[in-house]
Amino acid sequence: MESQPAHPNPLSHSSDWRWPWWPLVPLYPFSQRRTIRREVVSDRIWTFEQIQGILYVVVPIRMTVIRLDMGGLLVYAPVAPTPECVRLVNELVAEYGEVRYIILPTTSGLEHKVFVGPFARKFPKAQVFVAPEQWSYPLKLPLSWLGLPAKRTHILPADCSETPFSREFSYAILGPINLGLGTFGEVAFFHWRSQTLLLTDTIISIPEQPPAIVQLDPYPLLFHARDNAFQTVADHPTTRQKGWQRITLFSLYFQPDTLDPLPLKQALSDALKASDRSRKAYFGLFPFQWRSGWEEAFNTLRGDGNILVAPILQTLILNRSPQVTLAWADRVCEWNFNRIIPCHFDAPITATPQEFREAFSFLEPQEAPPQGYLGSSKHPLPAGDFTILQNIDKRLNQWGITPPPASAKMP
C-alpha cells in the first residue's frame, strides 16, 4: 500500500536542506535541497525525491531504497545527502538495518555521480557498486579522485551472480554507448520479490500535474506560467499546472516548436519594464514567448502517461547504438516486472515488459509514424518539436564530437 509523502517538518531550518557541494554541478536549487520520502511498497521500497534544473526548468530527481531479505538496505542512485535526507534514511536504518549497498547505475549522468561519494561517507559501512566504464573529462581519473571511497568501491561485474546481492536482484548493463567525448551507460536493476524495475534515465512517464516535490516551492512553476516579462500570475492549481507543462516541454525538447526566443534587444527592453526585476527573477529577463498549441504539444508528448524514451535520448544518444540498446531492452523484458521506478518525472509507473519494449520501437524498422511526426508509430511526436535537438545532433556530427546515428540491422 502506497503511503502519503513524508513532507519536511515545517519547523525545519534551511540548514536541514543544505547541500554544500552544489558548485560541483551548479543546478537549481543550488545549496538548498528539500527531500520527500514516499513508501512505494509497504515495509519494502521507498523513494526519496529532490529537484534539479536550470533557469527554473525543474524536474524531480529520485533515489530508491529497498529493504533486503538478508537485512539492511540497498540504495539505487543516491540524491544529495542533506541533513534532512540522511535523517529520513536513518529512520529506515533504525528499523531495517544498515545501508549495505549503494549503486551508481550510470556512467554519464553527472547529476547522479556527484552525490555518490558524499552519500557513501554518510554511511561508512556500505559497499559501493558502480556501472562499468566510468569516465571523466578532459582526463580519465581514478574513481577515488572522483570522490568514491577507494577501499569499498567496486565495478559491477557483467555476471550478476558475482555480487553479494544476487539472490535478490538481477541487473542488465546498457552500453557503454560511444558518444565521442565519453560514453552513455545505464544499469537496470530488477528486484525479484516486488517485481520492480529500477531505471535511471532511459524511460520516463510524464504526470499531468506537477509532482509534490516540485510544488514545495512553486516559484519555478509560476515563473514559467507567465506569458511575458510584464505578467504577474496568481498562485493557483491551474497556474502551477500550466507552469509544469511548459517546464516539461522545455526539459525534454530544449526548444519545442511552439516556443519562440525573443531577440536580445527586445528581451533586454522588456526586462527594464518587467513587473519583477529582482535577482530571483533574473532581473526581469524572460527571453521567450509561447505560441498557441503548446498545450497540444504537451498532451502529445505525455500520451496519457504512457512510458516513453525522452526525445533527447532518442535523438542524441540511443540512436548511436540501436542494436546494443534493443538487445538490452530484450534482456530487461525477460523479467516479469509490473512496476517501474525511474530517476526522473513520475514514479512508480505501472507497466509491463511489453510496454517497456514498445517504448524502444523507434530504433527499429517499423510502420512509419504519420507524416510530420517522429518516434514510433505507437507514440508519434511532432517533428517540429525535434528541430533544436536535430540541429544539435547535426553540429556535433559536423564538428566530429559525436559519431553519427546508426541504423538497426534487423533479420
Side-chain angles (χ1 to χ4, degrees), residues 1-3 6 35 37-49 62-79 81 85-106 112-113 115-132 134 143 148-174 185-200 331-332 334-343 347-349 353:
M1 179 177 179
E2 185 175 325
S3 72
T35 306
R37 184 184 69 204
R38 187 185 301 271
E39 187 175 54
V40 176
V41 177
S42 181
D43 289 326
R44 180 63 66 176
I45 300 178
W46 299 263
T47 58
F48 290 66
E49 294 184 352
R62 177 181 299 110
M63 81 175 177
T64 303
V65 177
I66 298 185
R67 176 173 66 87
L68 301 168
D69 287 341
M70 68 179 78
L73 305 168
L74 178 143
V75 175
Y76 180 91
V79 293
C85 178
V86 172
R87 184 176 66 251
L88 291 172
V89 174
N90 278 331
E91 288 176 3
L92 301 181
V93 168
E95 188 166 357
Y96 302 110
E98 296 286 348
V99 174
R100 299 185 64 168
Y101 308 110
I102 297 170
I103 310 298
L104 170 59
T106 178
H112 300 288
K113 289 185 182 185
F115 302 130
V116 178
F119 192 94
R121 286 193 288 276
K122 297 293 183 181
F123 299 95
K125 296 182 180 179
Q127 297 296 307
V128 180
F129 287 83
V130 304
Q134 295 291 324
L143 293 179
L148 299 173
K151 294 183 179 180
R152 51 193 177 101
T153 297
H154 319 275
I155 306 297
L156 283 168
D159 185 352
C160 181
S161 67
E162 298 177 13
T163 63
F165 44 79
S166 61
R167 291 187 178 182
E168 302 189 44
F169 294 87
S170 289
Y171 59 75
I173 301 171
L174 170 59
E186 177 168 326
V187 186
F189 262 61
F190 176 62
H191 182 235
W192 288 96
R193 178 177 288 277
S194 67
Q195 296 180 284
T196 299
L197 178 65
L198 306 181
L199 296 171
T200 312
R331 183 180 175 193
V332 170
E334 295 174 1
W335 302 324
N336 186 30
F337 57 87
N338 55 35
R339 178 190 299 111
I340 300 176
I341 302 179
C343 287
I349 308 164

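Only heavy atoms go into these numbers, but all of them, side chains included; no hydrogens, no water, no symmetry mates. From a predicted model like this one, the values you see are computed outputs, not experimental measurements.
- Using a 30° and 60° split on the angle between ring planes, F119 and F123 fall in the tilted class, from 30° to 60°.
- The shortest non-hydrogen separation linking A131 to V187 is CB-CG2, 3.7 Å.
- Here the shortest heavy-atom pairing between R331 and A158 reads NH2-O, 4.5 Å.
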- Just do the side chain to side chain donor-acceptor pair (under 3.5 Å) check on T200 and Y76 with the steps written out, would you? CA-CA 9 Å; T200 312; Y76 180 91; 3.1 Å; yes
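- How far CD1 of I349 is from CG of N338: 12.5 Å, rounded to the nearest 0.5 Å.
- The closest donor-acceptor contact from the side chain of E98 to the backbone of G71 lies at 3.5 Å or more, if one exists at all.
- One N or O on the side chain of R67 and one on the backbone of D43 form a donor-acceptor pair closer than 3.5 Å.
- Two rings, from F190 and W192, have their centers less than 6.0 Å apart.
- The closest side-chain heavy-atom distance from F129 to L104 is not below 4.5 Å.
- A donor-acceptor pair under 3.5 Å is absent between the side-chain atoms of S166 and the main chain of E162, judged by distance alone.
- In this structure, P78 and I102 have side chains that are in contact, with non-hydrogen atoms separated by less than 4.5 Å.
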- Task: Evaluate side chain to side chain donor-acceptor pair (under 3.5 Å) for S194 paired with R44, printing each intermediate quantity in order.
- Result: CA-CA 8 Å; S194 67; R44 180 63 66 176; over 6 Å; no
- Message: side-chain contact (heavy atoms from CB on, under 4.5 Å), that's the test. Do R193 and E168 meet it? Break it down for me.
- Response: CA-CA 7 Å; R193 178 177 288 277; E168 302 189 44; over 6 Å; no
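- Applying side chain to side chain contact (heavy atoms under 4.5 Å, CB included) to M63 and the options L198, T35, V89 leaves one that passes, V89.
- H191 contributes atom NE2, which lies 7.5 Å from atom OG1 of T196 (distance to the nearest 0.5 angstrom).
- Residues I103 and F165 meet the side-chain proximity criterion, which asks for heavy atoms closer than 4.5 Å.
- In the model, T47 has no side-chain atom that pairs as donor or acceptor with a side-chain atom of R62 under 3.5 Å.
- For CZ of R167, the number of neighbouring non-hydrogen atoms (other residues, nucleotides, ligands) closer than 6.0 Å is 12 at most.
- Judged purely by atom type and a 3.5 angstrom limit, T153 has no side-chain atom pairing as donor or acceptor with the backbone of A150.
- Within the 4.5 Å cutoff, the side chain of V40 has heavy atoms near those of the I341 side chain.
- Residues R100 and L73 fail the side-chain proximity criterion, which asks for heavy atoms closer than 4.5 Å.
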- Query: Run the side-chain contact (heavy atoms from CB on, under 4.5 Å) check on K122 and V99 step by step: do they pass?
  - Reply: CA-CA 10 Å; K122 297 293 183 181; V99 174; over 6 Å; no
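- Within the 4.5 Å cutoff, the side chain of I66 has no heavy atoms near those of the W46 side chain.
- A donor-acceptor contact shorter than 3.5 Å is absent between the side chain of E39 and the backbone of I45.
- Within the 4.5 Å cutoff, the side chain of V332 has heavy atoms near those of the F337 side chain.
- Put simply, the side chain of V130 does not reach to within 4.5 Å of the side chain of H154, judged on heavy atoms.
- A salt bridge is defined here as a Lys NZ or Arg NE, NH1 or NH2 lying under 4.0 Å from an Asp or Glu carboxylate O, and R37 with E49 fails to meet this definition.
- A parallel orientation is assigned to the rings of F189 and Y171, their planes being inclined by less than 30° (bins at 30° and 60°).
- Residues V65 and F48 share a closest heavy-atom pair of CG2-CE1, 3.6 Å.
- In this structure, the separation between CD on E186 and NE2 on H112 is 8.0 Å, given to the nearest 0.5 Å.
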- Task: Please lay out, stage by stage, how T163 and C160 fare under the test side-chain contact (heavy atoms from CB on, under 4.5 Å).
- Result: CA-CA 6 Å; T163 63; C160 181; 4.0 Å; yes
- Message: Would L199 and C343 count as a side-chain contact (heavy atoms from CB on, under 4.5 Å) here? Give the steps.
- Response: CA-CA 7 Å; L199 296 171; C343 287; over 6 Å; no
